Amino acid sequence: NAGVTQTPKFQVLKTGQSMTLQCAQDMNHEYMSWYRQDPGMGLRLIHYSVGAGITDQGEVPNGYNVSRSTTEDFPLRLLSAAPSQTSVYFCASRAGSNDQETQYFGPGTRLLVL
Amino acid sequence: AQSVAQPEDQVNVAEGNPLTVKCTYSVSGNPYLFWYVQYPNRGLQFLLKYITGDNLVKGSYGFEAEFNKSQTSFHLKKPSALVSDSALYFCAVRPFYGQNFVFGPGTRLSVLP
């Protein structure tokens, strides 16, 4: 199993540009989520999905869109990038609603918005 | 509101000495508690979790954590630190009736040779 994979590893954008951060998992996990990591703030939840076709907002959803057309993929879209979105983005997955399940994280995407 | 606090931004310890990384939480109901570690330019890796039962849980790489319900704490410990333990450590809580994890701000551990 590859686990949770993310592409790209690093991206530079100009203000106003759009892009999609890709996330895929091969563990047949129902639950997937996107976090951003900023210094001194830990990880903050952007969006999450409890299964294909179902998404919901997390703590900091503004400026981001998600979709979940398949169990495996959970892309994160920035429609109009802003410097405040400069961050490291992590995708995570876990098996399901079982309370004991551990989250598995991807390697991250480092995004710089100029 | 649910929250997780890690009161120390940085913890320095000499190799071979015991280490403690502190975590306190505020959440309604019985929480599920986790520790993750992040090495440079890597994603978060699971260390250990407390769900129920024995208050002392053992995890990967010789780490353990003690759940203290009265103090709402879940401190991470290791009897003898290694230089390779140097990393960023995150405490996380998942409320019993919630779907999502809440993470602390992280504590950077430096183990000095």
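Just so it is clear, the values below take in all heavy atoms, side chains as well, and ignore hydrogens, waters and symmetry mates. Remember, it's a predicted structure, so these values are computed and weren't measured experimentally.
- For the atom pair A:Glu59 CD and B:Phe103 CZ, the distance stands at 11.5 Å (nearest 0.5 Å).
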Please assess B:Leu44 against A:Gln103 for the test side chain to side chain contact (heavy atoms under 4.5 Å, CB included), listing each intermediate value before the final yes or no. CA-CA 9 Å; B:Leu44 277 69; A:Gln103 284 200 108; over 6 Å; no
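- A heavy-atom distance below 4.5 Å is not found between the side chains of B:Val102 and A:Leu45.
- Residue A:Tyr104: no heavy atom, backbone or side chain, is found under 4.5 Å from chain B.
- Put simply, of B:Phe101, B:Phe46, B:Phe90, the one with the most heavy-atom pairs under 4.5 Å next to chain A is B:Phe101.
- Hydrophobic cluster membership differs between A:Tyr35 and A:Tyr89, with clusters built from Ile, Leu, Val, Met, Phe, Trp and Tyr side chains linked at under 4.5 angstrom.
- Rounding to the nearest 0.5 Å places CG of B:Leu47 at 11.0 Å from OG1 of A:Thr102.
- Rounding to the nearest 0.5 angstrom, the gap separating the CZ atom in B:Arg94 from the CZ atom in A:Arg94 is 3.5 Å.
- B:Gln38 touches chain A through its side chain: at least one heavy atom from C-beta onward sits under 4.5 Å away, while N, CA, C and O do not.
- Only the side chain of A:Val50 comes within less than 4.5 Å of a heavy atom in chain B; its backbone stays farther off.
- Put simply, CZ on B:Arg42 and CZ on A:Phe90 are 10.5 Å apart, with the number rounded to the nearest 0.5 Å.
- Cluster membership check: A:Val88 does not share its hydrophobic cluster with A:Val113, using side-chain heavy-atom separations under 4.5 Å among Ile, Leu, Val, Met, Phe, Trp and Tyr.
- Clustering ILVMFWY residues whenever any of their side-chain heavy atoms sit less than 4.5 angstrom apart, transitively, puts B:Leu19 in the very cluster that holds B:Phe74.
- Contacts between residues 8-20 of chain A and chain B, counted as heavy-atom pairs separated by less than 4.5 Å, involve no residue at all.
- Neither the backbone nor the side chain of A:Arg44 comes within less than 4.5 Å of any heavy atom in chain B.
- Under the 4.5 Å side-chain heavy-atom criterion for ILVMFWY residues, a single connected hydrophobic cluster contains both B:Val13 and B:Tyr39.
- For A:Gln37, the part lying under 4.5 angstrom from a heavy atom of chain B is the side chain only.
- A:Tyr31 and A:Leu43 end up in the same hydrophobic cluster when Ile, Leu, Val, Met, Phe, Trp and Tyr side chains are linked at under 4.5 Å.
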